[in-house]
*Asks:* 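Encoded as structure tokens, here's the structure I'll be asking about.
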Amino acid sequence: MAKRIVIIGGGAAGIGAAGAARGTDRDAEITVYTEYEDAAYSPCGIPYVHGGEIPDFERLFLGTKQQYAEQGIDIRYQTAVRAIDPRGKNVRVGNGPPVPYDALVIATGWDYGRPDVPGADLAGIYYMKNIREAMRWHDVLDGVRRAVVLEAQPLGMEMVTALCHRGIETHLVDPSPWALSMATDPDIVAPVQESWEEMGARLHFNTKLEAILGDEAGRVRAVATTDGEIPCDLVVVCTHKEPRTDLGRAAGLAVGSAGGFVVDETMATSVTGVWAAGDCAEIPHGVSNVPIQGLSGSHAYAQGKVAGVNAAGGRRAYQPVYVPWAMVAGKWMIGGVSFSETLATALGIPFVVGQAQGISRARYFPDVKPVKVKLLAEPDRLRLIGAQMVGGEGIKERADFLAMAVRKGITLHDLATMENVYSPPIGALNEPIAMAAQDALARLGS
Amino acid sequence: MARGRVSFARRLRELSEKQLMIAAQRNVAARYGTPPPPPPRGAERLWQRVYVPAYHRLPWKLRATVMHAMPGSHRRTWHRPDEGSGPAV
């Protein structure tokens with residue numbers, strides 16, 4: 001009898017799990033339940049459609065419904081799972097009979113933390129996530145004159161940039177003193193903030209939202225903040241990611257201190273026969289060993305593949321994460337990995353710092369861009385524990401490289417003497433990472 | 001931000017992280033001459049004046065032990081591919 005694999009969620013983790021399960025067991029019956037009209041698209045691309053860099057939403061889909069059907073992956077659209085019964089090994093879908101499974105993967109993802117203020121149910125509040133809603137809001141944006149973006153998290157930072165591209169008067173409201181303050185330091189994010197202001201954005205840091213104010217028709221007309229009232233036609237909510245764990249918790253799955261399902265390296269949960277992947281699960285950080293949640297789409301997809309292989313009877317392990325990140329924000333690219341000075345200071349982790357201002361290409365080559373690199377290392381053996389960068393190009397590749405450097409315990413001495421590509425159109429004589437490591441060693445007198 | 005049921009461990013961790021981050025932001029902002037977070041008000045003052053200094057006085061090993069004791073994925077099996085040259089801290 002074919003193995004019955006049920007997957008709850010049709011995002012990156014759910015579709016990753018389905019594809020990997022199919023690759024592991026050609027005969028398995030694989031059923032994916034999603035409450036939405038679509039599966040497997042890139043929500044991270046939505047700001048770039050809004051901003052005009054991507055011409056349409058259709059390009060964000062990873063595959064067509066027909067392609068999944070041809071792979072033998074039965075996706076049930078607009079079908080919400082109501083309950084999980086791990087003892088009976090079945091799920092409840094709608095009002096139908098229990099659907100049995102041999103292996104279950106939960107990939108229910110996340111929701112934005114909803115503003116806990118008066119007016120949070122008014123019309124004109126956009127939670128940017130679902131692609132169909134994004135299509136609808138895309139047309140609405142044509143008539144928007146003033147927008148408020150709530151919080152400078154990654155999607156919020158991209159939305160500020162996108163709305164400025166659309167010529168909308170954009171206000172960013174964030175309770176922290178600078179953008180993305182969990183991951184960056186003020187010196188690194190300063191060029192991004194300056195470029196937003198050059199693009200016309202108004203930045204309200206150290207500012208708490210107190211209420212969303214509506215007109216007589218029940219539509220947003222302003223937000224009330226600790227910095228005063230800001231008139232607007234639209235509020236874009238880009239707050240932190242809240243893991244969606246209600247279904248699993250009701251079935252007895254353990255949830256950890258980061259709010260996600262507790263999993264091991266195989267993505268197995270605390271309940272036999274049930275795996276979890278993506279933003280509903282929490283993963284240990286490779287440096288601190290503290291579990292974290294709310295990672296990127298690439299993390300979700302990779303975790304889904306691990307869960308899918310194991311659910312189908314194979315054997316694959318995931319690794320603790322070091323979280324390389326990067327994005328385009330304002331006129332800059334910004335990125336990093338693991339610890340910033342702020343986060344290391346908060347946790348009381350000792351560190352040494354080196355930084356350098358370099359360039360992305362040969363100094364004489366057209367369109368050469370600045371690249372600033374800051375490295376953090378532990379003071380004993382000088383192993384890298386974090387990095388941040390801001391520049392005109394080449395940030396993503398450096399973030400990926402430095403994530404591997406942190407993972408492998410690479411030291412400032414290693415980086416100071418690293419070899420680098422020199423090719424005028426793509427690489428300068430001096431690599432900014434090496435320069436930052438040399439700066440750290442010079443400060444230490446070694 | 002409104003949410004569903006939150007465990008005690010998560011609530012404690014969130015409160016702790018938030019207050020430690022505010023103190024760190026103030027420290028780093030002073031280092032770089034940028035605007036700091038606003039001064040603490042109400043119950044936040046107690047966290048900033050008592051909890052944050054107490055946390056930083058504890059040795060890292062004790063802090064790590066407390067963090068490890070929190071419920072979470074870190075307490076389950078995670079093999080590292082290269083045990084001999086692992087990361088710092």
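Sequence lines set the chain letters: A, B, ... in the order given, protein chains first and strands last, and positions in each chain run from 1.
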*Asks:* Need one label for B:Pro37: side chain, backbone, both or neither, based on atoms under 4.5 Å from any heavy atom in chain A.
*Replies:*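 Both backbone and side chain of B:Pro37 come within 4.5 Å of chain A.
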*Asks:* So which part of A:Pro243 gets closer than 4.5 Å to some heavy atom of chain B, the side chain, the backbone, both or neither?
*Replies:*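 Interface part for A:Pro243: side chain.
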*Asks:* Tell me, side chain or backbone of A:Phe205 under 4.5 Å from chain B's heavy atoms, or both, or neither?
*Replies:*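 Neither part, no heavy atoms under 4.5 Å.
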*Asks:* Of the backbone (N, CA, C, O) and the side chain (C-beta and beyond), which part of A:Ala258 lies under 4.5 Å from a heavy atom of chain B, both, or neither?
*Replies:*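 Both backbone and side chain.
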*Asks:* Can you list the steps and then say if A:Glu265 with B:His79 is a side-chain hydrogen bond (donor to acceptor under 3.5 Å, both in side chains)?
*Replies:* CA-CA 7 Å; A:Glu265 63 184 358; B:His79 290 105; 2.8 Å; yes
*Asks:* Relative to chain B, which of A:Thr345, A:Asn289, A:Val263 shows the most heavy atom pairs under 4.5 Å?
*Replies:*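 Greatest number of close heavy-atom pairs with chain B: A:Val263.
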*Asks:* Examine distances only and state if a side-chain atom of A:Ser270 and a backbone atom of A:Ala254 form a donor-acceptor pair shorter than 3.5 Å.
*Replies:*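 Yes; at least one donor-acceptor contact below 3.5 Å.
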*Asks:* Can you tell me how far CD of A:Glu151 sits from CG of A:Leu172, rounded to the nearest 0.5 angstrom?
*Replies:*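 Between atom CG of A:Leu172 and atom CD of A:Glu151 there are 9.0 Å.
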*Asks:* So which of A:Ala405, A:Gly256, A:Gly348, A:Ser181 has the biggest tally of heavy-atom pairs under 4.5 Å with chain B?
*Replies:*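 Winner by heavy-atom pair count: A:Gly348.
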*Asks:* Would you please test A:His285 and A:Phe339 for ring pair (Phe, Tyr, Trp, His ring centres under 6.0 Å) and show each step?
*Replies:* CA-CA 11 Å; A:His285 192 284; A:Phe339 284 90; 5.7 Å; yes
*Asks:* Please classify the contact of A:Leu347 with chain B as side chain, backbone, both or neither, using a heavy-atom distance under 4.5 Å.
*Replies:*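 Backbone plus side chain of A:Leu347, per the 4.5 Å heavy-atom cut-off to chain B.
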*Asks:* Between B:Arg10 and B:Glu14, is the salt bridge (Lys or Arg N to Asp or Glu O under 4.0 Å) condition met? List the steps.
*Replies:* CA-CA 6 Å; B:Arg10 186 177 182 206; B:Glu14 282 180 345; 3.3 Å; yes
*Asks:* Mind checking what makes side chain to side chain contact (heavy atoms under 4.5 Å, CB included) contact with B:Leu58, not counting sequence neighbours?
*Replies:*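 Partners of B:Leu58 by the side chain to side chain contact (heavy atoms under 4.5 Å, CB included) criterion, ordered by chain and then number, come out as B:Leu62, B:Arg63.
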*Asks:* Could I get the full list of salt bridge (Lys or Arg N to Asp or Glu O under 4.0 Å) partners for B:Arg13, not counting sequence neighbours?
*Replies:*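 Only B:Glu17 meet the salt bridge (Lys or Arg N to Asp or Glu O under 4.0 Å) criterion with B:Arg13.
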*Asks:* Of the backbone (N, CA, C, O) and the side chain (C-beta and beyond), which part of A:Glu341 lies under 4.5 Å from a heavy atom of chain B, both, or neither?
*Replies:*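 Its backbone and side chain both get close to chain B.
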*Asks:* Flag the one option from A:Asp185, A:Asp111, A:Val262 with the top tally of heavy-atom pairs under 4.5 Å to chain B.
*Replies:*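 Top option by heavy-atom pairs under 4.5 Å: A:Val262.
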*Asks:* Measuring heavy-atom distances to chain A, does B:Thr34 have an atom under 4.5 Å in its side chain, in its backbone, in both, or in neither?
*Replies:*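 Answer is side chain: those atoms of B:Thr34 sit under 4.5 Å from chain A.
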*Asks:* Hey, is the main chain of A:Asp279 close enough, under 3.5 Å, to the side chain of A:Gln293 for a donor-acceptor pair?
*Replies:*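 Present.
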*Asks:* Relative to chain A, which of B:Met70, B:Arg75, B:Arg31, B:Met67 shows the most heavy atom pairs under 4.5 Å?
*Replies:*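 Heavy-atom pair counts peak at B:Arg31.
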*Asks:* Could you tell me which of A:Asp264, A:Thr342, A:Asp380, A:Val290 has the largest number of non-hydrogen atom pairs under 4.5 Å with chain B?
*Replies:*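 Ranked by heavy-atom pairs under 4.5 Å with chain B, first place is A:Asp264.
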